[in-house]
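Residue numbers count from 1 along this sequence.
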Amino acid sequence: MGNFKLISFGALIFFVIMYLTAWWVSREPDLLVDEIYQSRQSLGDSAPVGYSTTTALIRVSETLLNKSGGYLSNDIMPPFSVLDNMPAWELGVLEMSRDLALALRKDLSRSQSQSTENKFLKVAQPQFNIDHKSWVIPSAESEYKKAIAQLYLYRDELVDPAKPDSQFYARADNLRDWLKAVEKRLGSYSQRLSASVGQDRLNTDLAGEASARQSTNAPSLRNIKTSWWKIDDEFYEARGAAWALLHFLKAVEVDFADTLERKNAMISLRQIIRELEATQQSIWSPMILNGSGFGLLANHSLVMANYISRANAALIDLSELLTQG
């Protein structure tokens with residue numbers, strides 16, 4: 001009997017430690033906006049255009065690796081391997097970082113379509129694309145660290161007037177091209193979050209062009225519903241993407257200030273930022289609730305979808321403003 005009590009007590013202590021560890025590593029990091037602003041202010045008037053955007057990408061990527069518990073998506077040992085909320089959050093952050101890294105390489109650092117790619121960004125961007133669950137040879141962390149090191153080299157040359165090969169072009173067309181990619185990303189998150197309660201959707205894939213065709217026929221009406229097991233994953237992936245995008249747009253507010261003011265679009269950008277800030281409010285429920293429509297229980301996915309959709313609508317308006325003269 002004495003041994004049974006001892007084993008039971010040991011098992012209880014073990015599970016309590018596992019639970020506390022899981023709680024600690026699942027905490028989301030704080031916002032880094034003030035830190036990014038201070039980094040730029042430390043350079044004073046010598047801070048070049050592009051410094052804030054590059055710093056935002058660096059710090060967001062570093063936080064992915066250095067937050068409580070480190071990078072979890074590729075961990076294979078419990079309790080980390082059985083967690084899914086934080087790995088989903090990490091994937092959302094990573095997707096947004098990949099989009100910005102690609103925009104930096106092919107648009108923001110190039111003066112025109114026939115110009116050469118920046119040597120540092122050419123190396124950094126593919127390294128963000130490794131499988132986020134790769135745990136060895138090479139591990140995802142090692143590739144992301146290499147990418148961050150290249151971003152530091154790019155930023156160092158931005159600051160150095162003696163090295164004009166690295167540039168950042170804050171133009172309306174460059175910003176618009178990146179925003180188009182972000183629109184599609186947010187549109188996908190909005191649809192996936194809305195599917196938490198299940199809904200019938202008409203097929204609008206070919207709407208707007210009478211002669212359009214697609215590879216295979218699709219039903220005109222489909223019922224879309226997210227699996228109960230995936231609801232929290234969808235929620236945290238969208239929340240992570242919104243967290244990263246919030247930092248990137250705050251940096252854009254600084255680097256593209258002249259362009260946005262000239263297009264009278266600064267207020268549109270700030271409205272997007274406000275919507276994204278709402279996605280980062282504290283979650284007071286111990287789990288992501290999935291109430292149905294106007295039912296008794298809250299539906300956190302629909303609330304998140306509302307903020308994401310409003311941010312995306314404002315983003316589309318901003319993109320149109322940048323297109324106009």
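- Put simply, Leu83 and Phe235 are part of the same group of oily side chains (I, L, V, M, F, W, Y) that touch within less than 4.5 Å, one to the next.
- Side-chain contact between Leu65 and Ile148: present, with at least one pair of heavy atoms (C-beta onward) separated by less than 4.5 Å.
- Using a 4.5 Å heavy-atom cutoff, the side chains of Tyr189 and Glu234 are not in contact.
- Between Tyr37 and Ser52, the closest side-chain pair of non-hydrogen atoms is not below 4.5 Å.
- With a 6.0 Å radius and a threshold of 12 heavy atoms from other residues, nucleotides or ligands, Lys145 has its NZ atom at or below the threshold.
- If you check the side chains of Ser190 and Ser309, you find a donor sitting under 3.5 Å from an acceptor.
- Looking at Val25 and Leu72, their side chains come closer than 4.5 Å, going by heavy atoms from C-beta outward.
- Hydrophobic clustering of Ile, Leu, Val, Met, Phe, Trp and Tyr side chains at less than 4.5 Å, counting indirect connections, keeps Met86 apart from Leu20.
- Checked for salt-bridge contact, Arg274 and Glu277 miss the test: no charged N lies under 4.0 Å from a carboxylate O.
- Hydrophobic clustering keeps Leu158 apart from Tyr169 (ILVMFWY residues linked when any side-chain heavy atoms are closer than 4.5 Å, directly or through intermediates).
- Taking hydrophobic clusters as Ile, Leu, Val, Met, Phe, Trp and Tyr residues chained together by side-chain heavy-atom distances below 4.5 Å, Ile272 shares a cluster with Met266.
- Although no hydrogens or angles enter the test, the distance criterion places no donor-acceptor pair under 3.5 Å between the side chain of Ser282 and the main chain of Trp284.
- A distance-only check finds no donor-acceptor pair linking the side chain of Asn174 to the backbone of Ala170 [under 3.5 Å].
- Checking side-chain atoms of Lys67 against main-chain N and O of Gly70 turns up a donor-acceptor pair under 3.5 Å.
- Residues Arg192 and Glu237 are paired through a salt bridge, judged by an N-O separation under 4.0 Å between the basic side chain and the carboxylate.
- Taking each heavy atom of Ser166 and Asn118 in turn, the nearest pair found is OG-ND2, 2.8 Å.
- Taking CG from Leu104 and OG1 from Thr53, the interatomic distance works out to 7.5 Å, rounded to the nearest 0.5 Å.
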Start with the C-alpha distance between Phe256 and Phe168, add both sets of side-chain angles, then the distance that settles ring-ring contact (aromatic ring centres under 6.0 Å, His included), and finish with yes or no. CA-CA 11 Å; Phe256 288 83; Phe168 183 99; 5.8 Å; yes
Are Leu193 and Leu302 close enough, and set up right, to give a side-chain contact (heavy atoms from CB on, under 4.5 Å), and what steps lead you there? CA-CA 6 Å; Leu193 290 165; Leu302 290 184; over 6 Å; no
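- Here the side chain of Thr54 pairs no donor or acceptor atom with the backbone of Tyr154 at under 3.5 angstrom.
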side-chain contact (heavy atoms from CB on, under 4.5 Å) for Glu141 and Asn74? Distances and angles first, verdict last. CA-CA 9 Å; Glu141 292 101 321; Asn74 60 351; 2.6 Å; yes
side-chain contact (heavy atoms from CB on, under 4.5 Å) evaluation trace for Gln280 with Leu276: CA-CA 7 Å; Gln280 302 303 306; Leu276 293 175; over 6 Å; no
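- Here the straight-line distance linking atom OG1 of Thr259 with atom CG of Leu321 works out to 13.0 Å at 0.5 Å rounding.
- Annotation for Thr55 and Ser39: closest pair CG2-OG, 4.0 Å, computed over non-hydrogen atoms.
- Contact check for Lys119 versus Glu157: side-chain heavy atoms found under the 4.5 Å cut-off.
- Going from atom CG of Asn299 over to atom OG of Ser194 covers 9.5 Å, rounded to the nearest 0.5 Å.
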Kindly indicate, with the supporting measurements, whether the criterion side-chain contact (heavy atoms from CB on, under 4.5 Å) is fulfilled by Ser61 and Tyr144. CA-CA 8 Å; Ser61 304; Tyr144 300 154; over 6 Å; no
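- The cluster map of Ile, Leu, Val, Met, Phe, Trp and Tyr, joined by side-chain heavy atoms under 4.5 Å apart, puts Leu269 and Leu108 in the same cluster.
- Residue Asn66 places its CG atom among more than 12 non-hydrogen atoms of other residues, nucleotides or ligands, all under 6.0 Å distant.
- In this structure, the side chains of Trp243 and Leu31 come closer than 4.5 Å at one or more pairs of heavy atoms.
- Taking 4.5 Å as the limit, every side-chain heavy atom of His247 sits out of range of all side-chain heavy atoms of Met96.
- With 3.5 Å as the limit, one finds no donor-acceptor pair spanning the side chains of Asp317 and Ser268.
- Within a 6.0 Å radius of OH in Tyr152, other residues, nucleotides and ligands contribute more than 12 heavy atoms.
- Between Leu32 and Arg59, the closest heavy-atom pair is CD1-O, 3.8 Å.
- For Ser142 (side chain) and Ser139 (main-chain N/O), a donor-acceptor pair under 3.5 Å exists by modelled atom type.
- Within a 6.0 Å radius of NZ in Lys106, more than 12 heavy atoms belonging to other residues, nucleotides or ligands are found.
- Two residues are said to be in side-chain contact when any heavy atoms from C-beta on lie closer than 4.5 Å; Thr279 and Arg239 fail this criterion.
- Closest approach of His132 and Tyr71 over heavy atoms only: O-OH, 2.8 Å.
- The backbone N or O of Ile231 sits nowhere less than 3.5 Å from a side-chain atom of Ser227 that would complete a donor-acceptor pair.
- In terms of heavy atoms, Pro48 sits closest to Leu43 at CD-CD1, 4.5 Å.
- The 12-atom threshold is exceeded at CZ of Arg171, counting heavy atoms of other residues, nucleotides or ligands nearer than 6.0 Å.
- Taking OG from Ser188 and CG from Asn312, the interatomic distance works out to 10.5 Å, rounded to the nearest 0.5 Å.
- Judged purely by atom type and a 3.5 angstrom limit, Ser319 has no side-chain atom pairing as donor or acceptor with the backbone of Leu315.
- The distance from the CD atom of Glu90 to the CG atom of Leu64 is 5.5 Å, given to the nearest 0.5 Å.
- Summarising the geometry, atom OG belonging to Ser109 is positioned 11.5 Å from atom CG belonging to Asp165; distances are rounded to the nearest 0.5 Å.
- The backbone N or O of Lys133 sits less than 3.5 Å from a side-chain atom of Asp131, completing a donor-acceptor pair.
- Using a distance-only test at 3.5 Å, with no hydrogens or angles considered, a donor-acceptor pair links the side chain of Ser8 to the main chain of Phe4.
- A distance-only check finds no donor-acceptor pair linking the side chain of Ser26 to the backbone of Trp23 [under 3.5 Å].
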